[in-house]
Undergrad: 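One structure, as structure tokens, below. Some questions next.
Within every chain, numbering begins at 1; the chains are lettered A, B, ... in the order of the sequence lines, protein sequences first and strands thereafter.
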Number of protein chains: 2
Amino acid sequence: MNFKEAKKRTTREFEEKGIVLTEGEKDRIEVTDFGLERLDEIGLQLIVYVNNSRYCAKEMVLFPGQTCPEHRHPPVGGSEGKMETFRCRHGKVFLYVEGERTRDRNCNAPPGNEEYYTVKKEIILYPGEQFTIRADTKHWFQAGKEGAIVSEFSSRSRDDLDVFTNPAIER
Amino acid sequence: MNFKEAKKRTTREFEEKGIVLTEGEKDRIEVTDFGLERLDEIGLQLIVYVNNSRYCAKEMVLFPGQTCPEHRHPPVGGSEGKMETFRCRHGKVFLYVEGERTRDRNCNAPPGNEEYYTVKKEIILYPGEQFTIRADTKHWFQAGKEGAIVSEFSSRSRDDLDVFTNPAIER
């Protein structure tokens with residue numbers, strides 16, 4: 001799948017689930033493969049609704065089995081780093097966070113990248129369920145077989161400052 | 001309509017639009033008539049998804065023609081007051097904010113309460129459209145004929161500190 005196809009598919013996913021975007025927002029849908037060129041496996045599609053100095057809200061689409069790679073949101077100039085709440089709207093999301101490792105986890109890291117997925121406490125989010133990630137703590141997530149739509153509510157977002165465990169990643 | 005009926009109807013509205021809540025959230029749906037005992041005309045139904053020291057997210061239901069009365073979010077102990085973004089998800093919302101008064105506005109204040117609705121710049125929000133309210137500025141809103149579902153993204157929410165133009169209101 002290329003970026004253009006991913007953007008089109010994202011628009012369709014939102015439409016099918018009754019999540020309405022303006023035409024301007026449809027144009028602004030972001031697709032990222034985090035510079036790894038394995039979009040089907042490692043990537044994220046999203047629309048930023050609002051991002052100001054105080055809060056941020058996004059709607060994200062993950063395709064079936066797609067992974068958002070491990071990262072953290074470090075402190076930024078006096079502020080303590082982004083804190084965020086993931087709310088599953090549709091599908092299923094497997095979220096991995098710092099803490100005691102879960103045995104028999106549902107997901108594997110993308111093949112060949114295992115060393116960059118270090119946190120292994122599993123949180124499963126079904127529609128209507130949510131989880132809040134403390135600032136500056138590592139996390140990654142993967143969609144279930146049917147993909148997922150996830151709302152993100154957070155403090156100010158500075159994606160360019162995210163710190164990924166995999167040094168090859170560029171956001 | 002009494003509070004119990006309003007809560008049930010809110011649950012149904014969310015379900016019909018594919019907005020999934022957990023059972024715990026359904027129990028926690030808030031219905032307020034702002035102490036005016038005219039819920040059909042003046043009231044709000046909502047679920048708070050998250051509200052912490054940094055950000056807040058809610059989903060609100062307005063029944064047809066229902067009004068959320070004029071208020072502002074004042075500065076709180078060193079912080080500049082709540083800033084918020086209303087995003088219309090379904091239906092239509094008429095939002096009134098500070099600024100040049102709009103001629104031929106779509107909504108009237110609830111009968112008898114005209115003096116408590118002082119801001120008259122009209123913003124119409126259709127599904128997918130949103131508007132951000134600066135801290136400490138007056139605003140009120142009313143749903144169109146088919147009602148509305150509105151997401152609110154904001155800085156920390158302190159509903160108990162809201163300042164309503166109508167002194168009879170208790171939140």
Undergrad: Tell me, please, whether A:Phe63 has A:Arg9 positioned over its six-membered ring: NZ or CZ under 6.0 Å from the ring centre and within 45 degrees of its axis?
TA: yes
Undergrad: How about residues 106-134 of chain B versus chain A: which residues have heavy atoms under 4.5 Å apart?
TA: B:Pro127, B:Gly128, B:Glu129, B:Gln130, B:Thr132
Undergrad: Are B:Asp27 and B:Lys7 ion-paired here, with the side-chain N under 4.0 Å from a carboxylate O?
TA: no
Undergrad: Do the side chains of B:Phe34 and B:Cys68 get nearer than 4.5 Å, heavy atoms only?
TA: yes
Undergrad: Give, as side chain, backbone, both or neither, the part of B:Glu152 having an atom under 4.5 angstrom from any heavy atom of chain A.
TA: neither
Undergrad: What distance do B:Leu36 atom CG and B:Phe164 atom CZ have between them, rounded to the nearest 0.5 Å?
TA: 9.0 Å
Undergrad: Does the side chain of B:Gln66 pick up a donor-acceptor pair with the side chain of B:Gln45 at under 3.5 Å?
TA: yes
Undergrad: Taking 4.5 Å as the heavy-atom cut-off, does anything in residues 82-101 of chain A contact chain B, and if so which residues?
TA: A:Lys82, A:Met83, A:Glu84, A:Thr85, A:Arg87, A:Arg89, A:His90
Undergrad: Looking at B:Arg38 and B:Glu41, does any basic side-chain N land under 4.0 Å from a carboxylate oxygen?
TA: yes
Undergrad: Among B:Ser151, B:Gly24, B:Gly81, single out the residue with the greatest number of heavy-atom pairs under 4.5 Å to chain A.
TA: B:Gly81
Undergrad: Would a 4.5 Å heavy-atom cut-off, applied to side chains only, mark A:Leu44 and A:Met60 as touching?
TA: yes
Undergrad: Pick one of side chain, backbone, both or neither for A:Glu59, based on which atoms fall under 4.5 Å of a heavy atom in chain B.
TA: side chain
Undergrad: Indicate whether the side chain of B:Asp136 and that of B:His73 have a donor and an acceptor atom separated by less than 3.5 Å.
TA: no
Undergrad: Side chain, backbone, both or neither: which part of B:Ser53 has a heavy atom under 4.5 Å from chain A?
TA: neither
Undergrad: What I want to find out is whether A:Glu23 reaches A:Arg28 closely enough, with some N-O distance under 4.0 Å, to be called a salt bridge.
TA: no
Undergrad: With clusters built from Ile, Leu, Val, Met, Phe, Trp and Tyr whose side-chain heavy atoms come within less than 4.5 Å, directly or transitively, what are the remaining members of the cluster of A:Leu161, listed by chain and number?
TA: A:Val76
Undergrad: With a 4.5 Å cut-off on heavy-atom pairs, point out which of A:Ile19, A:Val50, A:Asn52 contacts chain B the most.
TA: A:Val50
Undergrad: Is the shortest heavy-atom distance from the side chain of B:Glu5 to the side chain of B:Lys8 under 4.5 Å?
TA: no
Undergrad: Who passes side chain to side chain donor-acceptor pair (under 3.5 Å) against B:Thr10, sequence neighbours left out?
TA: none
